[in-house]
Amino acid sequence: MRKNTTKVLKEANKYLVMQCIQTYAPMTIEEISIKTSLSRPTVLETIKGFLEDGYIVKKGFTKSTGGRPAELICINENSAYAVGIDFEFPNVRMALADIGKNIVMNKKIKYPLDSCAEEVLERLYSEIHTLIEEAGVDTEKIVGIGLGISGTIQKSTGKSLHITRIKGWNNINICERLEREFQLPVYLKNDVHLLALIEKEKYVPADIGDFVYIGIRSGIGSAIFYHNSPLDGTHGNAGYIGHTILEVNGEECVCGNRGCLDAYAGELALNREYRFRKKIKTEEYYTMYDFLEKAKGGDKVSEEILKKAARYLGIAISNLLKTLEIEAVVIGGCKNLEGSSYWEILTDTVRRNLTNDMELNPKLHIGKLQKEEYPLGACCYVFEHLFEKPKLSLAVV
């Protein structure tokens with residue numbers, strides 16, 4: 001078994017102190033020591049290294065209570081940057097953010113629905129290069145690229161295993177390709193997991209440690225938080241709710257199975273049914289937001305397909321809550337849910353399908369994340385790796 005050498009322990013201290021400052025800054029040395037349970041000399045030594053490397057700055061003082069006011073430690077926001085990509089084909093959003101989690105520049109691109117894998121990748125490279133160039137930051141300070149991607153992934157190898165709606169997208173080592181193109185480390189995670197991470201950090205009340213995040217996208221995804229920690233699963237695909245089967249002999253899903261939630265409630269399914277019922281032959285793509293606006297404007301077809309989608313999603317969420325025994329749910333990916341018949345049917349279906357003997361009191365919240373913030377979770381995921389969490393060994397005797 002590998003021993004916990006002095007070097008490993010110092011790495012652990014650096015990781016712990018940096019995570020603490022990123023979460024709670026501005027802070028004093030004493031506050032960092034209390035939060036991390038590290039001794040004051042250890043914190044001082046670690047802070048000294050961060051100051052020399054430029055990652056943190058001293059900025060102001062605490063209010064005096066009679067003695068000498070303590071200096072406040074803050075993140076040096078200009079010391080590092082990251083590129084974040086919310087890869088939700090056909091819509092892809094990307095941003096460049098500083099280590100203070102401020103977006104410096106962002107952009108949205110939209111692919112043609114018939115794009116093949118290589119076309120998607122080539123344009124992705126080009127758009128990232130353009131983003132970096134237009135942001136005008138020192139490229140030496142860009143510490144990595146974060147990628148939140150839909151479909152199934154294998155996080156340990158950096159592979160995007162399958163995205164059914166992109167022709168030829170199978171077993172693509174997206175991390176390796178991007179690293180080769182940009183000479184930067186690339187970190188891969190499920191797209192909805194990253195939306196949940198930034199939603200939690202910015203908008204979920206601190207007293208909610210257990211919750212389920214539902215992302216309404218081209219398909220439906222979810223992320224699960226237990227005791228403030230995300231559940232990734234074996235390969236990074238935990239919460240793959242879109243392909244849970246609700247109708248054994250139901251409609252065919254893009255995955256090849258029948259009766260999946262995505263076949264009834266995802267944006268792709270809504271678009272297919274809308275075009276069929278309206279006899280529309282164009283490939284115009286509508287988001288959930290668009291369908292809700294159409295329904296509010298009196299479009300009966302939009303209203304009907306949304307009601308159907310809400311019932312299926314409500315059943316899937318209630319099943320998930322019964323399995324996990326969690327009460328809090330955040331529905332993200334669409335800001336105009338409030339007051340809609342979709343929201344009323346969704347919340348009612350969740351409550352009606354929970355068994356009384358479990359005594360669950362579901363609390364459904366509409367996510368507050370802005371569309372421009374979608375790539376920010378991927379940026380923050382890069383900063384989590386700025387000082388890798390070392391693997392400490394436990395000596396068992």
Side-chain angles (χ1 to χ4, degrees), residues 83-95 97 103 106-117 119-121 123-125 127-128 131 145-153 155 159-167 169 172 174-175 178 186-199 213-223 236-237 239-243 253-255 260-262 265-272 283-292 309 313 330-337 367 369-381:
V83 174
I85 303 165
D86 177 47
F87 191 94
E88 222 300 287
F89 185 87
N91 296 313
V92 174
R93 292 181 181 275
M94 54 182 64
I103 294 177
N106 59 23
K107 68 189 302 185
K108 174 188 173 183
I109 59 178
K110 187 173 182 178
Y111 285 98
L113 288 173
D114 62 351
S115 301
C116 69
E119 291 170 337
V120 170
L121 287 168
R123 185 176 175 190
L124 184 64
Y125 302 154
E127 296 286 357
I128 296 172
L131 176 76
I145 297 173
L147 178 62
I149 199 162
S150 56
T152 50
I153 66 170
K155 196 172 73 167
K159 284 185 179 180
S160 175
L161 300 180
H162 197 49
I163 300 180
T164 52
R165 54 193 175 277
I166 303 178
K167 292 183 292 186
W169 192 285
I172 292 179
I174 185 73
C175 287
L178 287 173
V186 178
Y187 306 100
L188 178 68
K189 202 172 178 73
N190 174 276
D191 61 330
V192 175
H193 288 196
L194 289 179
L195 291 183
L197 279 171
I198 196 64
E199 180 85 45
Y213 181 91
I214 303 292
I216 302 177
R217 321 210 82 193
S218 55
I220 306 292
S222 72
N237 299 299
Y240 204 52
I241 191 175
H243 295 286
C253 181
V254 292
C255 72
C260 295
L261 173 62
D262 275 358
E267 286 177 353
L268 285 173
L270 298 186
N271 274 275
R272 283 195 300 272
E283 289 293 305
E284 182 66 30
Y285 185 86
Y286 299 110
T287 64
M288 177 63 77
Y289 182 94
D290 297 328
F291 282 117
L292 286 163
L313 180 56
V330 178
I331 311 291
C334 194
K335 289 279 292 178
N336 56 344
L337 290 172
L369 203 62
Q370 304 293 321
K371 290 182 179 180
E372 294 75 19
E373 295 174 312
Y374 287 0
L376 188 55
C379 294
C380 293
Y381 191 49

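FYI, side chains are in, hydrogens and waters are out, and symmetry mates aren't considered; it's all heavy atoms of this structure.
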Could you check if a side-chain atom of [X] sits within less than 4.5 angstrom of a side-chain atom of [Y], using non-hydrogen atoms only?
X	Y	value
I85	P375	no
L121	I172	yes
I163	V120	no
I214	V330	no
R165	L268	yes
L195	Y374	yes
Y381	L194	yes
K189	L197	yes

Report the distance from atom [atom1] of [X] to atom [atom2] of [Y], rounding to the nearest 0.5 Å.
X	Y	atom1	atom2	value
M288	N336	CE	CG	9.5 Å
K167	D114	NZ	CG	5.0 Å
S222	I216	OG	CD1	12.0 Å
H193	L188	NE2	CG	11.5 Å
N190	N237	CG	CG	6.5 Å
D262	E267	CG	CD	10.5 Å

- Chi angles and distances behind the side-chain contact (heavy atoms from CB on, under 4.5 Å) call for R123, I109: CA-CA 10 Å; R123 185 176 175 190; I109 59 178; 3.7 Å; yes

- Message: Using side-chain contact (heavy atoms from CB on, under 4.5 Å), reason through L147 and Y187 one step at a time and then give a plain yes or no.
- Response: CA-CA 6 Å; L147 178 62; Y187 306 100; over 6 Å; no

- Set of ring-ring contact (aromatic ring centres under 6.0 Å, His included) partners for Y289, sequence neighbours left out: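 Result, ring-ring contact (aromatic ring centres under 6.0 Å, His included) vs Y289: none returned.
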
- Query: What pairs with F291 under ring-ring contact (aromatic ring centres under 6.0 Å, His included), at least two apart in sequence or on another chain?
  - Reply: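 F291 satisfies ring-ring contact (aromatic ring centres under 6.0 Å, His included) with Y274, Y286 once adjacent residues are dropped.
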
I need the minimum non-hydrogen distance between [X] and [Y], along with the two atoms involved.
X	Y	result
I128	L178	CD1-CD2, 4.0 Å
P112	S115	O-OG, 2.7 Å
S218	F89	OG-O, 3.8 Å

Could you pull out all residues at least two apart from [X] that satisfy side chain to side chain contact (heavy atoms under 4.5 Å, CB included)?
X	result
T164	H162, V254
L113	P90, E283, Y285
D191	D86, E88, S150, R217
C380	K101, I198, L376

- What residues form a salt bridge (charged side-chain N to carboxylate O under 4.0 Å, His left out) with E199, not counting sequence neighbours?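 Scan of E199 (salt bridge (charged side-chain N to carboxylate O under 4.0 Å, His left out), adjacent residues dropped) gives none.
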
- Query: For K107, what residues pass the salt bridge (charged side-chain N to carboxylate O under 4.0 Å, His left out) criterion, not counting sequence neighbours?
  - Reply: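 Only E127 meet the salt bridge (charged side-chain N to carboxylate O under 4.0 Å, His left out) criterion with K107.
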
- Taking the inter-plane angle between the rings of F87 and Y111 on a 0 to 90° scale, is it parallel (under 30°), tilted (30 to 60°) or perpendicular (over 60°)?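 Correct class here is tilted.
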
- Message: Before you tell me yes or no, could you show the steps for L161 and W169 under side-chain contact (heavy atoms from CB on, under 4.5 Å), namely the whole-Å CA-CA distance, both residues' side-chain angles and the distance that decides it to 0.1 Å?
- Response: CA-CA 8 Å; L161 300 180; W169 192 285; over 6 Å; no

- Message: I'd like to know whether K159 forms a side-chain contact (heavy atoms from CB on, under 4.5 Å) with I174, so could you lay out the CA-CA distance, the side-chain angles of the two residues, the decisive distance to 0.1 Å, and finally the verdict.
- Response: CA-CA 6 Å; K159 284 185 179 180; I174 185 73; over 6 Å; no

- Qualifying residues under side chain to side chain donor-acceptor pair (under 3.5 Å), relative to D290, sequence neighbours excluded: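 For D290, the residues satisfying side chain to side chain donor-acceptor pair (under 3.5 Å) (neighbours in sequence not counted) are T287.
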
